[in-house]
**Student:** 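Okay, handing you the structure first.
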Amino acid sequence: MSKPSIPQGTRDFSPAVMAKRKFIFNTIESVYQLFGFMPLETPAMENLSTLTGKYGNEGDQLLFKILNNGDYLKDLNLNELDSKSLTPKIADRGLRYDLTVPLARYVVMNRNDISFPFKRYQMQPVWRADRPQKGRYREFWQCDADVLGTDSLLCEADFIRIYNTVFNQLGLKDFEIRINHRKLLEAICESCGVGNQFKTITIIIDKADKIGHDGVKKELLEIGLSDDNSNKLLSLLERLPLNPETLQNLESKLGHLENGIKAINDLKQVILLAGNASINVKLDCSLARGLDYYTGCIFEVIPTSVKMGSISGGGRYDDLTGVFGMNGISGIGISFGIDRIFDVMEELNLFPTSSNLFTDILFCPMDENAILYCMDTAHTLREHGFKVEIYPSASKLKKQLDYANDKKILWVAIAGENEIASNQISLKNMQTGEQLNCNLNDIESAIKSQ
RNA sequence: GUGGUCAUAGCUCAGUUGGUUAGAGCAUCAGUUUGUGGUUCUGAGGGUCGUGGGUUCGAUUCCCAUUGAUCACCCCA
């Protein structure tokens, strides 16, 4: 038999790793709930017709397809088919590629039962048949929150506050929120006389971080921009603090354009509503992201003290549900990339040392009688909120203490002949090594007094 | 989808200019006169050297293929 393995780009998460992941998940979830978002879960698999055509040509290739059950080759003439035309005939379902399309599908299906604005969060794995590399997996988790059915800029401001709250609670101080506005991008292109090449231009300037201003200019010249216009464009890409001065400056350059004034007014309103939370927000006109469906503000969060890509992104979109035949629903959403947040926190050593997932007290029975002796007391402590376990056999004490160390259990309660005779327990602190005898009923107070 | 690097014990790695039974540290398990650990000592288990083929008297070592890992590009979280 060959050694067992797991598929490419997937991972097991050990208990020690899960403790840390849970810390991140729980933090994000509790903050989402603080802002009034409600949980939603959708199936791992969707009908392939729901997924295809939503992510562009490249996206379709990255979908995991699920082979139909039964004799799926029946009625097929294999000679007339290539692999591309074969797929829809033998696979009706696929694994979800993100959480946004399933959300749109859900909203359309349940339109009569949903009252708007609809605020939901969703934290589930998604799958992409991409080639794995650093910080990139075939199965990874997204933590989305979206507000559907309102175009209020209060949502943008709320998401800025959510970013601050989440990263403060995680202990990640060095981060920068970058914001841009789709219409600002359009205005910039217009003012440089390249409004008709909007999409090409944005793909180029989105790479500014990677290839630098020189690289951007080179590519702009290649697609036929004049030297003048590319310089003008580049001068607008500087990353500046999002504040009234920056916007006023921008208004003097783009205020004559309809798109420009709309975007600037939106951003002004966001600053006002976000208040102090907007302090570490930077206006980044090179930020483009998945342009296809974003129509208003666009967000990205970058860790500033670690070399790592974005750890969160999002933006406003119109007509999310249009592809499923339900028009007029606009909204805004963000997504945390928890796998990357994990890597950043690991690198900066930000995980709290004590985890509330681990056992608080381990009972160590020295003989069979002691097991029975511990059972009721252990359960009373559980009812009082302690995480308690009893070592399941009367093994040698060394082995039991090793087990406690391995699981980072702080307290052990040793019970043997002597303790039973005196109706007591030997309570030992595994960190200090101190040990004391106390009555069974006094364990809780003894622990709390330390 | 394109290109580079790599593959020896559970983990981190030695090693052989191709030659008998492939090593170390850590980890695991078991003992160290039987109720005290994380920092004693002793011992044990564990590898068909990623898989398949080729060259050779002989391959873990050389060649080819394949699979996987990893990094970069494309794109993206």
Side-chain angles (χ1 to χ4, degrees), chain A residues 1-12 14 24 28 55-63 83-84 96-100 123-144 203 206-207 209-211 215 288-292 299-303 308-315 333-344 362-367 369-370 391 394-421 425-437:
Chain A
M1 204 175 107
S2 59
K3 286 183 186 175
S5 62
I6 57 175
Q8 189 179 35
T10 66
R11 295 155 295 164
D12 288 324
S14 67
I24 300 175
I28 294 171
Y55 309 106
N57 283 338
E58 300 230 0
D60 282 356
Q61 295 197 317
L62 298 180
L63 287 173
S83 58
K84 198 173 178 182
R96 78 166 96 77
Y97 180 90
D98 68 2
L99 301 178
T100 307
M123 310 201 298
Q124 291 188 274
V126 302
W127 294 268
R128 295 182 190 178
D130 207 350
R131 181 172 291 204
Q133 53 181 276
K134 188 180 179 65
R136 199 165 180 186
Y137 306 95
R138 288 186 149 180
E139 177 186 61
F140 62 97
W141 273 251
Q142 290 190 331
C143 305
D144 282 24
I203 288 172
D206 194 36
K207 291 190 279 191
D209 255 6
K210 195 177 284 183
I211 62 178
R289 299 191 56 79
L291 274 162
D292 281 355
F299 295 111
E300 196 163 88
V301 180
I302 309 285
M308 177 76 73
S310 68
I311 50 178
S312 179
I334 62 167
S335 181
F336 287 94
I338 95 117
D339 297 284
R340 283 186 180 173
I341 293 174
F342 184 97
D343 289 344
V344 171
L362 174 73
F363 279 83
C364 299
M366 300 316 300
D367 54 48
N369 291 335
Y391 199 86
S395 303
K396 293 171 65 169
L397 190 54
K398 173 177 160 51
K399 192 178 162 91
Q400 300 196 36
L401 295 180
D402 280 341
Y403 177 83
N405 280 327
D406 194 46
K407 286 187 76 170
K408 298 183 167 51
I409 297 171
L410 182 57
W411 295 98
V412 297
I414 302 163
E417 262 180 75
N418 302 338
E419 286 82 1
I420 295 175
I425 204 92
S426 291
L427 190 63
K428 181 184 177 76
N429 182 314
M430 294 298 282
Q431 221 157 49
T432 63
E434 284 170 31
Q435 188 167 330
L436 58 93
N437 290 326

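By convention in this document, chain letters (A, B, ...) are assigned in the order of the sequence lines, proteins followed by strands, and residues within each chain are numbered from 1.
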**Student:** Can you sort out the partners of A/Asp367 under side-chain hydrogen bond (donor to acceptor under 3.5 Å, both in side chains), two or more places apart, ordered by chain and number?
**Tutor:** none

**Student:** A/Leu63 has an atom CG; how far is it from atom C1' of B/rG1, in whole Å?
**Tutor:** 16 Å

**Student:** Figure out the CZ/P separation between A/Arg96 and B/rA77, and round it to whole Å.
**Tutor:** 16 Å

**Student:** Do the side chain of A/Arg131 and the base of B/rU2 come within less than 3.5 angstrom through a donor-acceptor pair of N or O atoms?
**Tutor:** yes

**Student:** Between side-chain atoms of residues 334-341 of chain A and protein atoms elsewhere (two or more places apart, or another chain), which donor-acceptor pairs fall under 3.5 Å?
**Tutor:**
from     : atom 1 : to       : atom 2 : distance (Å)
A/Ser335 : OG     : A/Asp144 : OD1    : 2.6
A/Asp339 : OD1    : A/Arg11  : NH1    : 2.9
A/Asp339 : OD1    : A/Arg11  : NH2    : 2.9
A/Asp339 : OD1    : A/Arg21  : NH1    : 3.2
A/Asp339 : OD2    : A/Trp141 : N      : 3.3
A/Arg340 : NH1    : A/Ser310 : O      : 3.1

**Student:** Roughly how far apart, to the nearest Å, are B/rA77 and B/rG3 at atom P?
**Tutor:** 26 Å

**Student:** How many Å lie between CZ on A/Arg128 and P on B/rC74, as a whole number?
**Tutor:** 17 Å

**Student:** Measuring only the C1' atom in each nucleotide, how far is B/rC41 from B/rU56? A whole number of Å is fine.
**Tutor:** 49 Å

**Student:** Applying a 4.0 Å non-hydrogen cut-off, can you work out what A/Tyr403 is touching in the nucleic acid: base, sugar-phosphate, or nothing?
**Tutor:** nothing

**Student:** Go through the structure and list residues passing side-chain hydrogen bond (donor to acceptor under 3.5 Å, both in side chains) with A/Gln142, not counting sequence neighbours.
**Tutor:** none

**Student:** Dot-bracket, 5' to 3', for RNA chain B please: Watson-Crick or G-U pairs under 3.5 Å, [ ] where pairs cross earlier ones, | where the partner sits on another strand, dots elsewhere.
**Tutor:** (((((((..((((.....[...)))).((((.........)))).....(((((..]....))))))))))))....

**Student:** Could you work out which one of B/rA77, B/rA69, B/rC74 sits closest to the side chain of A/Gln133?
**Tutor:** B/rC74

**Student:** In whole angstroms, how far is the P atom of B/rA77 from the CG atom of A/Asp130?
**Tutor:** 11 Å

**Student:** Could you give the distance separating B/rG18 and B/rU61 at their C1' atoms, to the nearest angstrom?
**Tutor:** 6 Å

**Student:** Would you mind building the protein contact string for nucleotides 29-39 of chain B? One character per nucleotide, 5' to 3', B for base within reach (heavy atoms under 4.0 Å), S for sugar-phosphate only, - for untouched.
**Tutor:** -S-B--BBBB-

**Student:** Output all residues satisfying side-chain hydrogen bond (donor to acceptor under 3.5 Å, both in side chains) with A/Gln400, sequence neighbours left out; order by chain, then residue number.
**Tutor:** none

**Student:** B/rG23 and B/rG15: how far apart are their C1' atoms, nearest whole angstrom?
**Tutor:** 7 Å

**Student:** CG of A/Asp12 versus C1' of B/rG10: gap in Å, rounded?
**Tutor:** 14 Å

**Student:** According to side-chain hydrogen bond (donor to acceptor under 3.5 Å, both in side chains), who are the partners of A/Thr10, at least two apart in sequence or on a separate chain?
**Tutor:** none

**Student:** Compare every heavy atom of A/Asn429 with every heavy atom of A/Gln431, then report the nearest pair and how far apart it is.
**Tutor:** N-OD1, 2.7 Å

**Student:** Atom CD1 of A/Ile302 to atom C1' of B/rA77: distance rounded to whole Å?
**Tutor:** 12 Å

**Student:** Which heavy atom in A/Ala129 sits nearest to a heavy atom in A/Arg138, and how many Å separate them?
**Tutor:** O-NH2, 3.8 Å

**Student:** Checking A/Gln435 now: which residues fulfil side-chain contact (heavy atoms from CB on, under 4.5 Å) with it, not counting sequence neighbours?
**Tutor:** A/Ile414, A/Ser426, A/Lys428

**Student:** For the pair made of CD in A/Glu300 and P in B/rC76, what is the distance, rounded to whole Å?
**Tutor:** 11 Å

**Student:** If the plane angle is over 60° it's perpendicular, under 30° parallel, otherwise tilted; pick one for A/Tyr403 and A/Tyr391.
**Tutor:** perpendicular

**Student:** Sticking with atom P, work out how far B/rG4 lies from B/rA65, rounded to a whole angstrom.
**Tutor:** 12 Å

**Student:** Closer to the 5' end of RNA chain B via nearest nucleotide, is it A/Gln142 or A/Gln8?
**Tutor:** A/Gln8

**Student:** In whole angstrom, give me the gap between the P atoms of B/rA59 and B/rU20.
**Tutor:** 12 Å

**Student:** Sequence neighbours excluded, which residues qualify as salt bridge (Lys or Arg N to Asp or Glu O under 4.0 Å) partners of A/Lys398?
**Tutor:** A/Asp402

**Student:** If I pick the P atom on B/rA14 and the same atom on B/rG50, what distance separates them, to the nearest angstrom?
**Tutor:** 14 Å

**Student:** Mind checking the C1' distance from B/rA9 to B/rU48? Whole angstroms is fine.
**Tutor:** 14 Å

**Student:** Can you tell me the distance, in whole Å, between the CE atom of A/Met123 and the P atom of B/rA77?
**Tutor:** 18 Å

